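Read the structure below first, then the notes.
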Amino acid sequence: MQNSTSVFKLSIIGFGAVGQGVAKVVQNVPQLKVVAIADSKGVALMPDLEDVLARKRAGQPIANSDLTALDVIRTVEHDVVVEVTPTNIDDGEPGLTHVREALKNKRNVVTSNKGPLVAAFSELTHLARTQGVALRYEATVGGAMPIINLIRDTLAGARVLGIRGVLNGTCNYILTRMAEEALDYDQVLSEAQDMGIAEADPTYDVTGIDTACKVVILANAFFDRNATFADVNVTGIDRITQDALQLARQRGFVVKLIGDVQELTVSPKLIPLRHPLNVSGTLNAASILTDTAGEITVAGKGAGSIETASAILSDVLSIMRSRD
Ligand code: HSE
């Protein structure tokens, strides 16, 4: 076993907005060492983080080796694979293979990628258990908003009876700006894309797919559901009209895209103006109903490079601390 003063080594698999955010935040932690970064074009081994970030910004390649992401996962000695490739709802790939291989090779995994967990939650959590390594995924739901570790650790003494919330920052941004400033749907969606909060394919956001993925992850993690995307009844916000939003406002409500974990539903719902789930802009919020602690509502930044990286860093540090 390594001692607490030894360096904790990680790879970053995927170097888009979230991967670059991880490279920035780990620089503040001297015990962490990034041994490899993989993007879609190749692998940088033992990277200088400032240099690869500058290269990425300039649109230059970062690779300095012939290795692939899978070579890194299988053969480069390190403690944690940070898997942050984009979510693919169809089959979870390439993230699913990355996570599976990392666990098979007894590497801990921290991920913000919803695809693998939606496609194969039971398989992956079972594999992590049998291999004696950690699979942590706080960043998959709510970005910087604490929810998974909050329920698992802080609320460990309570039974969770229900979870519902605003789980997609892009939709919340669109609904907020449309309602408050009477702006046009396409204009606000394109702003959300420019801000870097929308998924690579923004239809994942607006049709409710992204929220449904988060509902599946929470249902499997806390309600033992073994659910997949197909089990969720999903309605998005892509057909919401300005008239509907204004009418709701006149009656003292806002329209929010609500994911209900116990019901396995995603749909636009009327929320009273003063309700704690009425958060604006890119914020996410979730209400957790418990048997002994009552209802607890959390809110926070649900998307963004550094915000999502903060949740990943928290998972990495938690694994590092538990190794001793
Ligand atoms: N596109 C997502 C959102 C990012 O807007 O919330 C975080 O999953």
Side-chain angles (χ1 to χ4, degrees), residues 14 16-22 25 82-89 92 95 110-119 121 136-149 163-178 185-221 229 232 234 236-238 240 255-259 261 266-268 277 279-286 298-315:
V18 177
Q20 290 169 58
V22 173
V25 298
V82 175
E83 212 293 335
V84 285
T85 60
T87 292
N88 167 0
I89 182 66
V110 173
T111 188
S112 61
N113 186 347
K114 294 166 281 266
L117 293 169
V118 171
F121 190 91
R136 299 191 63 131
Y137 46 90
E138 176 68 56
T140 58
V141 181
M145 176 184 79
I147 180 160
I148 291 171
N149 298 335
I163 308 170
R164 61 182 204 129
V166 173
L167 301 174
N168 183 275
T170 301
C171 289
N172 205 37
Y173 182 76
I174 293 172
L175 291 172
T176 306
R177 302 270 331 259
M178 281 180 75
Y185 173 88
D186 292 319
Q187 178 192 340
V188 196
L189 170 57
S190 122
E191 276 180 30
Q193 286 178 276
D194 291 344
M195 289 162 70
I197 59 168
E199 295 298 297
D201 175 356
T203 56
Y204 274 25
D205 295 292
V206 294
T207 59
I209 292 173
D210 176 73
T211 305
C213 290
K214 292 162 179 167
V215 162
V216 167
I217 292 170
L218 293 173
N220 291 342
F229 178 73
V232 188
V234 189
I237 63 155
D238 45 335
I240 287 276
V255 177
K256 296 286 175 198
L257 186 69
I258 300 291
V261 177
V266 174
S267 61
L277 288 182
V279 290
S280 65
T282 61
L283 285 175
N284 280 199
V298 285
K301 292 206 170 148
S305 163
I306 293 290
E307 292 83 351
T308 306
S310 80
I312 289 172
L313 181 62
S314 149
D315 277 343

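All values reported here derive from a predicted model rather than from experimental measurement. Each ligand, and each atom within it, is numbered from 1 in the order the structure gives.
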Can a donor-acceptor pair be found, under 3.5 Å and without considering hydrogens, that links the side chain of [X] to the backbone of [Y]?
{"X": "E138", "Y": "I148", "result": "yes"}
{"X": "D205", "Y": "E199", "result": "yes"}
{"X": "K256", "Y": "V279", "result": "yes"}
{"X": "K214", "Y": "L167", "result": "yes"}
{"X": "N172", "Y": "G281", "result": "yes"}
{"X": "Y137", "Y": "I217", "result": "no"}
{"X": "T87", "Y": "K114", "result": "yes"}

Say whether A198, considering both its backbone and side-chain N or O atoms, lies within less than 3.5 Å of an N or O atom on ligand 1.
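So ligand 1 has no N or O lying under 3.5 Å from an N or O of A198.
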
I want to know if ligand 1 touches T140 in the polar sense, i.e. an N/O pair below 3.5 angstrom.
no

Evaluate the side chain to side chain contact (heavy atoms under 4.5 Å, CB included) criterion for residues I174 and I240: first the C-alpha distance (whole Å), next the side-chain angles of each, then the deciding distance (0.1 Å), finally the verdict.
CA-CA 10 Å; I174 293 172; I240 287 276; over 6 Å; no

Need the ligand 1 atom indices (1-based, order shown) with element for anything under 4.0 Å from a heavy-atom of [X].
{"X": "A303", "value": "4 (C)"}
{"X": "D210", "value": "2 (C), 8 (O)"}
{"X": "K214", "value": "6 (O), 7 (C), 8 (O)"}
{"X": "I197", "value": "1 (N), 2 (C), 3 (C), 4 (C), 5 (O)"}
{"X": "D205", "value": "1 (N), 2 (C), 3 (C), 5 (O)"}
{"X": "K114", "value": "8 (O)"}
{"X": "N168", "value": "2 (C), 3 (C), 5 (O), 6 (O)"}

Check each heavy atom of [X] against ligand 1 and say whether those closer than 4.0 Å belong to the side chain, the backbone, both or neither.
{"X": "N284", "answer": "neither"}
{"X": "T170", "answer": "both"}
{"X": "A192", "answer": "neither"}

Hey, does G302 sit under 4.0 Å from ligand 1 if you only count heavy atoms?
yes

Please write down residue, atom name and distance for the protein heavy atom closest to atom 6 (O) of ligand 1.
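Nearest neighbour among protein heavy atoms for atom 6 (O) of ligand 1, to 0.1 Å: G169 N, 2.7 Å.
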
At what distance is the nearest protein heavy atom to atom 2 (C) of ligand 1, and which residue and atom is it?
E199 OE2, 3.1 Å

Closest approach of V255 and P268, non-hydrogen atoms and distance?
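V255 and P268 have their closest heavy atoms at CG1-CB, 3.8 Å.
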
Without hydrogens or angle criteria, can the side chains of N113 and T111 be said to hold a donor-acceptor pair below 3.5 Å?
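Side-chain D/A pair, N113 to T111: absent.
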
